[in-house]
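Report on one structure; see the data block that follows.
So that the names make sense, note that chain A is the first sequence line, chain B the second, and so on, each numbered from 1. As a basis for the values below, the full set of heavy atoms in this structure was taken, side chains included, without hydrogen atoms, waters or symmetry mates. In this text the structure is predicted, and so the values were computed from the model without any measurement.
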Protein chains: 2
Amino acid sequence: MIYSTELIKGTLKTIVLKMLEDNKKMYGYEITQRVKELTSDKIQLTEGALYPTLHALEAEGLLTTEIEYIGKRVRKYYSLSPNGKTKSKERVNELAEFMDTMKFLLDIKTKLA
Amino acid sequence: MIYSTELIKGTLKTIVLKMLEDNKKMYGYEITQRVKELTSDKIQLTEGALYPTLHALEAEGLLTTEIEYIGKRVRKYYSLSPNGKTKSKERVNELAEFMDTMKFLLDIKTKLA
DNA sequence: TTTAATACATCAGATTCTTATGTATCTTTG
DNA sequence: CAAAGATACATAAGAATCTGATGTATTAAA
């Protein structure tokens, strides 16, 4: 099952920050592949969503970039800035808490009086 | 902590369906209050988001409505249609699975070789 | 040699949410 | 009793974010 992209809305930035927290330095295409791999193809980030998000995070000062050439092909590596590291932890914590809350909400079986 | 509404994006329809699955019959304002109560104020649905969502679910044939008057004040009760019941279970399952996947993703500490 | 994979990017259109506004009734409180 | 707050519906402009398409270019595989 591939998750309806509706669900991924709102979590993309957090996913990106977390990937960079765990891997120091990644390029866009690599992030899509890593997430696909880690989720057994269940989360497939589209480039049309990812690249604008990376640009936005960079504009917010959370990411820094360095260009590398592999042969003639360009790669743009992203890393967390100091602010990005802080923000990443915040975001991941918030999302984890949110998911706990949602799990509770979805498991409610009894009607309250 | 009130969750940044960014996180709620994409989960609103599922929350509404689930509330109706558990309570048979609810009106809009009641849903906002129930969710607020169940989440200790952490998820606060706005009316500007909720009412259009209810209308959309009704247009999709997932909800049915009945009007009731409390004094002179109107109340619009929503219930799951047969299709709505099926859809609700699908959505809740998908969201539960998605959250498991996300938890896994957020807990990854080690870099893969 | 042509298809697929790698790697970047942009953009029109769709969807969905926020915030504000509007209407109206009922309850509480100073 | 008047004002404020709670109850209860609804719409709409603007913002944010994603989809799906399109574009360019290099490298690897079939």
| query | Which residues satisfy the ring pair (Phe, Tyr, Trp, His ring centres under 6.0 Å) test with A:Tyr27, sequence neighbours excluded? | reply | A:Tyr77

Report the distance from atom [atom1] of [X] to atom [atom2] of [N], rounded to the nearest whole Å.
X       : N      : atom1 : atom2 : result
B:Arg34 : D:dT7  : CZ    : P     : 13 Å
A:Leu50 : D:dC18 : CG    : C1'   : 12 Å
A:Leu45 : C:dC8  : CG    : C1'   : 16 Å
B:Ile67 : D:dA8  : CD1   : P     : 13 Å
A:Gln44 : C:dA5  : CD    : P     : 12 Å
B:Ile43 : C:dT18 : CD1   : P     : 12 Å
A:Tyr51 : D:dG20 : OH    : C1'   : 16 Å
A:Tyr27 : C:dT6  : OH    : P     : 8 Å

| field | B:Lys25/B:Glu68 ion pair, N-O < 4.0 Å | value | yes

| query | Does anything in residues 68-81 of chain B reach DNA chain C, meaning a heavy atom under 4.0 Å, and if so which residues? | reply | B:Gly71, B:Lys72, B:Arg73

If the condition is side-chain contact (heavy atoms from CB on, under 4.5 Å), which residues does [X] pass it with, not counting sequence neighbours?
X        : result
B:Ala49  : B:Leu12, B:Thr46
B:Asn83  : B:Leu62, B:Ser81
A:Thr101 : B:Tyr3, B:Thr39, B:Lys42, B:Ile43
A:Thr32  : A:Tyr29, A:Leu45, A:Leu50

| message | Closest approach to the side chain of A:Leu12, judged atom by atom: which nucleotide of D:dC18, C:dC8, C:dT19 is it? | response | D:dC18

| request: Go through residues 54-65 of chain B and report each residue with a non-hydrogen atom lying under 4.0 Å from DNA chain D, sorted by number. | output: B:His55

| Of all residues at least two apart in sequence or in a different chain, which pass the salt bridge (charged side-chain N to carboxylate O under 4.0 Å, His left out) check with A:Lys85? | none

| message | For the backbone of A:Leu106 and the side chain of B:Lys18, can you confirm whether one donor and one acceptor N or O come within less than 3.5 Å of each other? | response | yes

| request: Ignoring backbone atoms, test whether A:Thr32 places a side-chain nitrogen or oxygen under 4.0 Å from the OP1 or OP2 oxygen of C:dT6. | output: no

| request: Name the nucleic acid region contacted by B:Glu47, choosing base, sugar-phosphate or nothing; use a 4.0 angstrom heavy-atom cut-off, strictly under. | output: base

| field | Whichever hydrophobic residues join B:Ile67 through chains of side-chain contacts under 4.5 Å | value | B:Tyr69, B:Val74

